[in-house]
Amino acid sequence: DGGITQSPKYLFRKEGQNVTLSCEQNLNHDAMYWYRQDPGQGLRLIYYSQIVNDFQKGDIAEGYSVSREKKESFPLTVTSAQKNPTAFYLCASSMRPTALTYEQYFGPGTRLTVT
Amino acid sequence: AQKITQTQPGMFVQEKEAVTLDCTYDTSDQSYGLFWYKQPSSGEMIFLIYQGSYDEQNATEGRYSLNFQKARKSANLVISASQLGDSAMYFCAMRDPRGSNYKLTFGKGTLLTVNP
């Protein structure tokens, strides 16, 4: 089945540690995105990539880093510089990044808790 | 600045009745796309319906329809014949070609509860 996988579903880390969230898609989509969701809030864009080996900062990129070495993979690292890392993280992909009509497909999300 | 407003934090509806979830948007672009997503308690985001700014007809997908009023900049989601499984968060989102980013911007969502 085609889709987006994120692992793990739940992740616990101690403050001060970097942590990497996995996102893999087999939809052959060019664009991939990372969003953060806090309770009672909508999604906010962290980073996005329209093509392999290229990515851009979203609205809340501080304290995060990404890589896009393969078309199907877009891992997100939450660094110790991120002041409030506890949140629900959603990865998404879309077929054509510069088209208005294509919806984004989402993964199941990773709930990160940092104590 | 692009903005999506969903003024209803929560809505209740009786099973089998119709419900309208409000969404207004703000953009200076003439070309844009509007999306509705459903987020059940499990967390995944499920695409429901799309409306393009130049589409003359309101979009429909099964029990979902989008009441698009361009002059008022509103894109309300109508769910007909509500089912218990419709209980979820619903997000309105907009995509526009601002710069070359084509980013998707989300509203804060509406929590819909369907009562038996």
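So you know, we letter chains A, B, ... as the sequences are listed, proteins then strands, and number each from 1. In this text the structure is predicted, and so the values were computed from the model without any measurement.
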Would you indicate whether Y47(A), at its atom OH, is surrounded by more than 12 heavy atoms from other residues, nucleotides or ligands within a distance under 6.0 Å?
yes

Has K9(A) got more than 12 heavy atoms of other residues, nucleotides or ligands less than 6.0 Å from its NZ?
yes

What one should report as the nearest heavy-atom pair of S94(A) and R95(B) is OG-NH2, 3.6 Å

Please check if the number of heavy atoms outside K108(B) that lie under 6.0 Å from its NZ is greater than 12.
no

Do F88(A) and I4(A) belong to the same hydrophobic cluster, where Ile, Leu, Val, Met, Phe, Trp and Tyr are linked whenever their side-chain heavy atoms lie under 4.5 Å apart, directly or via other members?
no

Flag if over 12 foreign heavy atoms under 6.0 Å of NZ, K70(B):
yes

For the interface with chain A, which of G109(B), P9(B), G43(B), G52(B) has the highest count of heavy-atom pairs at distances below 4.5 Å?
G43(B)

If you take all heavy atoms of F35(B) and E103(A), which pair is closest and at what distance?
CE2-CA, 3.6 Å

Decide whether M45(B) and L111(B) are clustered together by the hydrophobic rule: side chain heavy atoms of Ile, Leu, Val, Met, Phe, Trp, Tyr closer than 4.5 Å, transitively.
yes

Chain A heavy atoms under 4.5 Å from Q51(B): which part of the residue, side chain, backbone, both or neither?
neither

L104(B)/Y33(A) under side-chain contact (heavy atoms from CB on, under 4.5 Å): CA gap, chis, key distance, verdict
CA-CA 10 Å; L104(B) 198 60; Y33(A) 310 82; over 6 Å; no

I'd like to check Y37(B) versus L43(A) (side-chain heavy atoms, cut-off strictly below 4.5 Å). Are they in contact?
no

As an exercise, state the distance from CD of Q37(A) to CD of Q39(B), rounded to the nearest 0.5 Å.
4.0 Å

